[in-house]
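Worksheet for the structure shown next.
Here is how names work: the chains are called A, B, and so on, in the same order as the sequence lines, proteins then strands, and each is numbered from 1.
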2 protein chains.
Amino acid sequence: MAIPVGATGAAGTQAVDRAAALLVSILESGQPPTFGDLQSSSGLAKSTLSRLLSSLERHGLVHRSDEGAVRPGPVITRFAHSDRSHDSLIELSRPHLQRLSDATGETINLAILVGDEVEQIAQVDCRFLIGNVNWVGQRLPTHCTALGKVFLAGGAPMPHGPLDRRTARTLTTVSRLADDIKVTARRGWALADSELEPGLVAIAAPVRASSGSVIAALSITGPSSRLTPARIREFARLLVAAAHEISTAMGYLPKNGKAGAA
Amino acid sequence: MAIPVGATGAAGTQAVDRAAALLVSILESGQPPTFGDLQSSSGLAKSTLSRLLSSLERHGLVHRSDEGAVRPGPVITRFAHSDRSHDSLIELSRPHLQRLSDATGETINLAILVGDEVEQIAQVDCRFLIGNVNWVGQRLPTHCTALGKVFLAGGAPMPHGPLDRRTARTLTTVSRLADDIKVTARRGWALADSELEPGLVAIAAPVRASSGSVIAALSITGPSSRLTPARIREFARLLVAAAHEISTAMGYLPKNGKAGAA
DNA sequence: ACTTGTGTTCCATATCGTGGAACATTTTCG
DNA sequence: CGAAAATGTTCCACGATATGGAACACAAGT
């Protein structure tokens, strides 16, 4: 009685599996599929498909517009626009942060852009005694942090007016900052060496959504005594790779366009 | 034999209904529920719950962290951070836009903030001959549009440098703009009268996520010949009400905190 | 080491989901 | 305008599939 194709140890869930697969294909398809699209892509009987969709719709997980397009429903929409959507980004990223921490021993941070500031949303602490305390929840300016520069390089509006001078090395003119951002964009990662606090070095790289826009930034932070130029170069490779892995998990496709659909 | 509680004409979908309800409660609960939480809130047998969760997890719709917390899965996370999440916001808003259009006869727009500009993402055209063409996709500055002012009043970073003078009535100094924003914030809606284009009047109101942050702005636009002071006052009431309804649909709770959970 | 708590696997049972066909609606085309 | 095609929903008898209790595996607390 040969188990069907690739039945990975799952049984007793036919209906739910089908409904789940349906929902996934609706969430991942670029264009909202129609009933017909789903019918042919899933291979389900009309009646079955109709029943499953009705159930999903009844629970607000999908919505059928007048023209017959099947879209993510209000429950999904609400979640997508709520703060909680960041939690799941963190959850999805955590293993990568951890791996990066294991590889470098330094403090790893994940941050998002809030208004014109950078807010840390996750952190894995360094394993040295000399390290930073918990930065989660803290907001910092964009012009003097590696995390901030990543967002600026990703298209966030440049800061205005006189740039706050945090240290002697802070970039305090828009033109010098713009130059740095150009370098950052080309290089693929940002550097802030004693620009926020003397002796504090950070590098950061972008995490991208499937559309390519920068949705978060990943950073490695440590004292300049440990983050020497040679180390920085080495860590930057790891950092960019990790950020890239998260981006991929988010549906970003490295070279060409388009995200995976069903 | 007596249909169970509130069985709204649905049958033949027990398993899917249960799984869907499960997913909804995971998406809507403030704190990620544990297996136990779900067990008691759903009343399902352990074995059933385990099977359903496994199925959802297998499809990437939920994710179980090490500590046993059940969270939205990668598929949901990807969607939440993709551009497509705006589509479903539009879909959810469209009936409200339409109703507003029917009531006022003027052009209705929905916009989001992209960087430091406002991008229109949905529109319902006015029923007069004199009206604006399709603005969807167009980006405009924040300082001279009602839509933009809504975001500024909602906490978006103020624009910098010299403000582009679009008309004689454009607010071109940051301080005058700041005053206007204060009024906007207090009043609950924004007004831009001939500030973008002579004779073009627009009012706008905020759409809020469950967290209270402004995620979109809703506007009514028309020529000053039709949008007289009296009409503006009348329309503003309708506008604010409509924006509020969308906010509510997004999980925003008017007075106190907290969004609905299961 | 024993107990308690949590989650997964197993299995016989009958409940629940299935798909074909009939039906309802809307769209297309002659 | 009416016939035909396309699209989606409801119905129903059948049996495949989900169910929940119990046994099991594992971890945490005492």
Run the numbers on B:Q39 and B:D37 for side chain to side chain donor-acceptor pair (under 3.5 Å), then give the verdict. CA-CA 5 Å; B:Q39 198 180 344; B:D37 294 337; over 6 Å; no

Can you check side chain to side chain contact (heavy atoms under 4.5 Å, CB included) on B:R64 and B:L53, steps first, answer last? CA-CA 9 Å; B:R64 300 209 242 176; B:L53 280 181; 3.8 Å; yes

When every nucleotide of nucleotides 3-16 of chain C is labelled 5' to 3' by its protein contacts under 4.0 Å (heavy atoms), B for base, S for sugar-phosphate only, - for none, what sequence of letters results? ----BBB------S

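We find that B:R127 and B:E106 are not joined by a salt bridge, their nearest charged nitrogen and carboxylate oxygen being 4.0 Å or further apart. Between A:D87 and B:R71 there is no salt bridge, since none of the side-chain N atoms of the basic residue sits less than 4.0 Å from a carboxylate O of the acidic one.
Rounded to whole Å, atom P of D:dT9 lies 13 Å from atom CG of A:L56. As rounded to whole Å, 13 Å separates atom C1' of D:dT17 from atom CG of B:L52.
Taking OH of A:Y252 as the reference point, atom CD1 of A:I215 lies at 11.5 Å (rounded to 0.5 Å). Atom CG of A:N109 is separated from atom CD of A:Q120 by 4.5 Å, given to the nearest 0.5 angstrom. Distance check, rounded to the nearest 0.5 Å: CG of B:L49 to OG of B:S42 gives 5.5 Å.
For the residue pair B:S55/A:D17, the side-chain donor-acceptor check at 3.5 Å is satisfied.
Heavy atoms from other residues, nucleotides or ligands lying under 6.0 Å from CD of B:Q31 number 12 at most.
Without hydrogens or angle criteria, A:T77 side chain to A:G73 main chain gives a donor-acceptor distance under 3.5 Å.
Terminal axes of the helix from C:dA1-D:dT30 to C:dG30-D:dC1 (five pairs each, C1' rotation axis) are separated by 50°, to the nearest 10°.
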Atom pairs, N/O to N/O, protein against nucleotides 25-30 of chain D, distance under 3.5 Å?
none

